[in-house]
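Values reported hereafter were calculated over all heavy atoms of this structure, with side chains retained and with hydrogens, waters and symmetry mates removed.
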Amino acid sequence: MPAIIQSTLTPKLKKHVYEAFSKYSIQSTGMDGLAEEPISFEMYEHQKFVGCVVLQMFWGQLHIKYLLVEEQHRGKGHAKTLMNQAFDYGKKRGCQFAFVETLNFQAPEFYQKCGFTTEMISQGYDKGVSFYYMKKEL
């Protein structure tokens, strides 16, 4: 029987796994829905980082991977500006919708104000945390 070892995910193994998934995706569907690397739209003020939104095309749709506005810059509309930049990018790429996964303490209300609807809430995580899957038509 083959041996099983525990280790951290090395870059070499990660590359191997992604290449295998890509090959199978292409064989099964004719495309690799994760072929593009994530991109970011970054905001600076006086050459100081204010925030960013990180996106990835996911099977032809827009995945909002991360949204960050530094604490001292929150409440000034920067997050909304970054999200609008993301939505414009998605529309230009022909996306029909955007989606985001977030946790209950990571402002799901903000995403609702941006037009996202909650499609799923999964509960039962440590510390009373809930996982939200949210979607917005573009």
Side-chain angles (χ1 to χ4, degrees):
M1 171 159 274
I4 297 175
I5 61 168
Q6 178 181 331
S7 68
T8 59
L9 182 60
T10 64
K12 181 180 176 182
L13 180 57
K14 181 178 179 180
K15 183 177 187 266
H16 177 78
V17 169
Y18 279 103
E19 286 174 355
F21 282 166
S22 174
K23 180 180 176 184
Y24 185 72
S25 295
I26 292 167
Q27 289 172 344
S28 298
T29 68
M31 70 178 281
D32 177 1
L34 282 172
E36 293 182 40
E37 289 294 318
I39 65 158
S40 65
F41 290 107
E42 303 162 19
M43 182 180 283
Y44 292 88
E45 185 176 71
H46 307 294
Q47 299 178 340
K48 299 240 181 197
F49 181 78
V50 172
C52 69
V53 61
V54 178
L55 326 164
Q56 185 171 24
M57 295 299 294
F58 184 88
W59 291 92
Q61 304 309 320
L62 183 65
H63 181 197
I64 308 295
K65 293 180 70 75
Y66 311 111
L67 174 64
L68 170 69
V69 173
E70 295 288 357
E71 194 169 350
Q72 66 271 26
H73 295 286
R74 293 179 189 160
K76 300 176 183 176
H78 299 316
K80 180 95 169 141
T81 299
L82 287 165
M83 290 300 290
N84 286 334
Q85 184 74 39
F87 298 149
D88 288 345
Y89 175 81
K91 288 174 189 173
K92 287 176 185 169
R93 294 294 308 270
C95 298
Q96 297 173 2
F97 64 87
F99 69 97
V100 64
E101 303 97 354
T102 191
L103 302 174
N104 60 313
F105 64 89
Q106 294 176 320
E109 302 83 11
F110 167 78
Y111 293 108
Q112 289 170 337
K113 288 178 186 174
C114 289
F116 284 85
T117 57
T118 303
E119 292 205 334
M120 179 193 76
I121 301 174
S122 180
Q123 300 174 340
Y125 297 92
D126 284 347
K127 308 289 184 187
V129 171
S130 298
F131 174 91
Y132 285 64
Y133 175 87
M134 305 176 85
K135 183 176 172 183
K136 173 187 171 70
E137 300 297 322
L138 298 177

Original post:
Got a sec, which residues hit salt bridge (Lys or Arg N to Asp or Glu O under 4.0 Å) with K92, two or more places apart in sequence or on another chain?
Top reply: none
Counting only pairs under 3.5 Å, give me each side-chain donor-acceptor contact of residues 76-88, with atom names and distances, residues two or more places apart or in other chains.
| unit_1 | atom_1 | unit_2 | atom_2 | d |
| --- | --- | --- | --- | --- |
| K76 | NZ | Q72 | O | 3.4 |
| T81 | OG1 | G77 | O | 3.0 |
| N84 | ND2 | K80 | O | 3.4 |

**OP:** With the side chain counted from C-beta on, respond yes when H63 and P38 share a heavy-atom pair under 4.5 Å apart, and no when they do not.
**Re:** no
Subject >> Residues that E45 engages under side-chain contact (heavy atoms from CB on, under 4.5 Å), provided they are two or more places apart >> reply: V50, H73
Original post:
Which residues pass the side-chain hydrogen bond (donor to acceptor under 3.5 Å, both in side chains) test with E42, sequence neighbours left out?
Top reply: S40, Y44
Subject >> Joint hydrophobic cluster, F58 plus L55, side-chain heavy atoms closer than 4.5 Å >> reply: no
Original post:
Who passes salt bridge (Lys or Arg N to Asp or Glu O under 4.0 Å) against R74, sequence neighbours left out?
Top reply: none
Original post:
Linking I/L/V/M/F/W/Y whenever their side-chain heavy atoms sit closer than 4.5 Å, directly or via other members, would L103 and F99 fall into one cluster?
Top reply: yes
Original post:
Taking only residues two or more places apart in sequence, or in another chain, which ones meet F110 in a ring pair (Phe, Tyr, Trp, His ring centres under 6.0 Å)?
Top reply: none
Subject >> Residues that, via side-chain heavy atoms closer than 4.5 angstrom, fall in one hydrophobic cluster with V54 >> reply: Y66
Original post:
So, Q96 side chain and Q61 main chain: donor-acceptor pair closer than 3.5 Å or not?
Top reply: no
Subject >> Value rounded to 0.5 Å, distance of OG1 in T102 from OH in Y111 >> reply: 5.0 Å
Original post:
Under the 4.5 Å side-chain heavy-atom rule for ILVMFWY, direct or indirect, which residues accompany Y18?
Top reply: none
**OP:** Indicate, with yes or no, if I64 and F41 share a hydrophobic cluster defined by side-chain heavy-atom contacts under 4.5 Å among Ile, Leu, Val, Met, Phe, Trp and Tyr.
**Re:** yes
Original post:
Can you name the side-chain contact (heavy atoms from CB on, under 4.5 Å) partners of Q27, sequence neighbours left out?
Top reply: K23, Y24
Subject >> Partner set under salt bridge (Lys or Arg N to Asp or Glu O under 4.0 Å) for E19, not counting sequence neighbours >> reply: K15
**OP:** Could you grab the distance from atom CD of Q56 to atom CG of L62, nearest 0.5 Å is fine?
**Re:** 10.0 Å
**OP:** Provide the closest heavy-atom pair for D32 versus I26 in the form atom of the first, atom of the second, distance.
**Re:** N-CG1, 3.8 Å
Which pairs of donor and acceptor atoms, one on a side chain in residues 115-138, lie under 3.5 Å apart (sequence neighbours left out)?
| unit_1 | atom_1 | unit_2 | atom_2 | d |
| --- | --- | --- | --- | --- |
| T117 | OG1 | K135 | O | 3.3 |
| K136 | NZ | C114 | O | 3.0 |

Original post:
Going from CD on Q106 to CD on E101, what distance comes out if it is rounded to the nearest 0.5 angstrom?
Top reply: 10.5 Å
Subject >> Verdict with supporting geometry, F21 and L34, side chain to side chain contact (heavy atoms under 4.5 Å, CB included) >> reply: CA-CA 9 Å; F21 282 166; L34 282 172; over 6 Å; no
**OP:** Would you please name every residue forming a salt bridge (Lys or Arg N to Asp or Glu O under 4.0 Å) with E36, sequence neighbours left out?
**Re:** R93
